[in-house]
Amino acid sequence: MSENQINPSSPASEITVADPVRPQINQDVGQGRGVYISTYGCQMNVNDTERMYSLLEMANFSVVKEPEEATLIIINACSIREKPVHKVYSEVGRYRKLKEKNPMLKIGVGGCVGQQEKDKLIKNQPMIDFVFGTDNIDALPNLVAQTFESSDKVINAKFEHRAPYHVETLVRNPGVSTFVNITKGCDNFCTFCIVPFTRGREKSRPLSHVLMDVRSLVKRGVKEVTLLGQNVNSYESEDGADFADLLKKVAMETDIQRIRYTTSHPKDFNEKLMHVMAEHQDKVCEYVHLPAQSGNSRILRQMNRGYTREEYLDKIALMKKYIPNLVLSTDIIVGFPGETEEEFQDTVSLVKEVGFETMFAFMYSPRPFTKAASFPDHVAEEVKNRRLNELFDSHEKQAFDLAKKYDGQVLNVLVEQINEQGKAQGRSTQNKLVYFLGSESLIGKTVPVKINFASPNVLRGELVQ
Ligand code: 5AD
Ligand code: SF4
């Protein structure tokens, strides 16, 4: 069978996969108590916060809008770069006064920072009552119950290595568009990245569970799902299905209107997936986030990315053959240890050559446990800073030029909400945020909008009657 064919006798029906496990919840613990969660980081973290809120609501907590109203404050924080970790410490400091006023207030830290720092957090910040890791979210209601029962500090940041990833998506008000986790963890060990240490080994949810979730979200009014994983391309269901099989099944066997996915890894993005995307363009958006990280092959090797500059460019060329109107975005790191000026210029030229409509770029930040942190020749902060600005400047000009093509085009916009200025707001299949004059009755509908103002981040237009 060639790489881009789907196995027609997909073994999905031959293997029985156990139902998702529902967490046991003590429903008394939240009675009369308010919870506030402060979230930093990626979509995965945002999605984890939603799961935390859902679980805590099941335990009868009420969700409050301000930390001042809460009896339970959770900081769900990202540790991908150093800055957000500092933010956690300063945020905890800000809650000191609240704790003095209300000694019953409990403060917990979760997410990647909880996983990374564990007991160090409690040692450094005695105000913190509990810490939990990325694999312990479903245990949160019980953990919180323990914290309210005694003044002992609670730490639960162990990876459940053996437990299969059998959960159901929990989301309180999914709205029009929502996330569905398909994998967790990462086994790639890019030398700069802390994720394999904070989110553990990669695990995939069974395909049948994902389908079950999408169908039930559709019944709740969801029109668009974003399939989420650190590296969706290495998804592997217990029944042998890969990501392309999953995407095809979600497109063909559910009534979801639109499908997005993130994040892709260039080394694992295969032709079979391109084929499925092309075949199901009616549902699968023509937008791919494909982190390049660098445009120089030596740096890519040092980063352990598993592809060269040429291979990255070849893959993009192939993707564009399958999906000619493909829209791309990327992540870039500047100032990786040992990066010379010429090597940085290779990144600038790669970004130009591909023509990413959106670029997320970061200065390299040494992270604990990672290989690159102990590499020689770290680049000075001011050099990293200058390179980052140069890259943004160069990209900005191009992004404005690329956006011009939308001027006058009619795009299909899935309306998500009416914003504070009274404008209808939604996304086009190209993942562009679009604003136009429209009423609440349009929420959840996909409507044609003629663009009359186009910038890299925002498009404005008029509803085509
Ligand atoms: N320093 C800077 N950026 C990083 N990223 C991951 N680790 C680091 C680090 N140590 C960036 C990568 C990744 C994005 C989510 O964050 O570009 O794709
Ligand atoms: Fe980090 Fe690399 Fe895994 Fe992405 S693929 S989460 S950059 S280790």
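Keep in mind that what you see is a predicted model, and the values were worked out from it rather than measured. All values below come from the heavy atoms of this structure, side chains included, with hydrogens, waters and symmetry mates left out. Ligands are counted one by one from 1 in listed order, and the atoms in each one are counted from 1 as well.
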Give the numbers and elements of all ligand 2 atoms closer than 4.0 Å to a heavy atom of [X].
X	answer
Phe192	7 (S)
Phe189	8 (S)
His265	5 (S)

Among protein heavy atoms, which lies nearest [atom], and at what distance?
atom	result
atom 3 (Fe) of ligand 2	Cys186 SG, 2.3 Å
atom 11 (C) of ligand 1	Arg81 NH1, 3.3 Å
atom 6 (C) of ligand 1	Ile80 CG1, 3.3 Å
atom 8 (S) of ligand 2	Cys190 N, 3.4 Å
atom 18 (O) of ligand 1	Asp331 OD2, 2.7 Å

Only heavy atoms count here, so choose which of [options] is nearest to [atom].
atom	options	value
atom 17 (O) of ligand 1	Arg367, Met44, Gln293, His289	Gln293
atom 8 (C) of ligand 1	Tyr364, Phe336, Phe192, Phe360	Phe192
atom 10 (N) of ligand 1	Ser365, Pro291, Ala292	Ser365

Exceeds 12 heavy-atom contacts within 6.0 angstrom, atom CG of Asn325: yes
Work out whether the distance between some heavy atom of Arg305 and some atom of ligand 2 is less than 4.0 Å. yes
Indicate yes or no: does Lys405 engage Glu357 in a salt bridge with an N to O separation below 4.0 Å. yes
Could you tell me if Ser234 and Glu202 have a donor-acceptor pair between their side chains, going purely by distance under 3.5 Å? yes
Might you work through the ring-ring contact (aromatic ring centres under 6.0 Å, His included) test for Phe362 and Phe336, ending with a clear yes or no? CA-CA 10 Å; Phe362 314 96; Phe336 184 79; over 10 Å; no
Please work out which of the three classes, parallel, tilted or perpendicular, describes the rings of Phe243 and Tyr235, given edges at 30° and 60°. perpendicular
Heavy-atom distances under 4.0 Å decide this one: backbone, side chain, both or neither, for Phe362 against ligand 1? side chain
Counting only heavy atoms, which portion of Met363 has something under 4.0 Å from ligand 1: side chain, backbone, both, or neither? backbone
For Asn47 and Asn181, run side chain to side chain donor-acceptor pair (under 3.5 Å): C-alpha distance rounded to whole Å, both residues' side-chain angles, the deciding distance at 0.1 Å, then the answer. CA-CA 8 Å; Asn47 206 27; Asn181 268 92; 2.4 Å; yes
N/O donor-acceptor pair under 3.5 Å between [X] side chain and [Y] backbone:
X	Y	value
His166	His209	no
Lys203	Ala163	yes
Arg205	Val167	yes

Short version for Pro196: what comes under 4.0 Å of ligand 2, heavy atoms counted, is side chain
Taking non-hydrogen atoms only, is Val195 closer than 4.0 angstrom to ligand 2 via side chain, backbone, both or neither? side chain
Among Gln281, Glu271, Glu279, which one satisfies side-chain hydrogen bond (donor to acceptor under 3.5 Å, both in side chains) with Tyr322? Glu271
Apply side-chain contact (heavy atoms from CB on, under 4.5 Å) to residues Gln257 and Val222 and explain how you reach the verdict. CA-CA 9 Å; Gln257 287 177 12; Val222 171; over 6 Å; no
Hey, is atom 2 (Fe) of ligand 2 within less than 2.8 Å of some N/O/S atom on Cys193? no
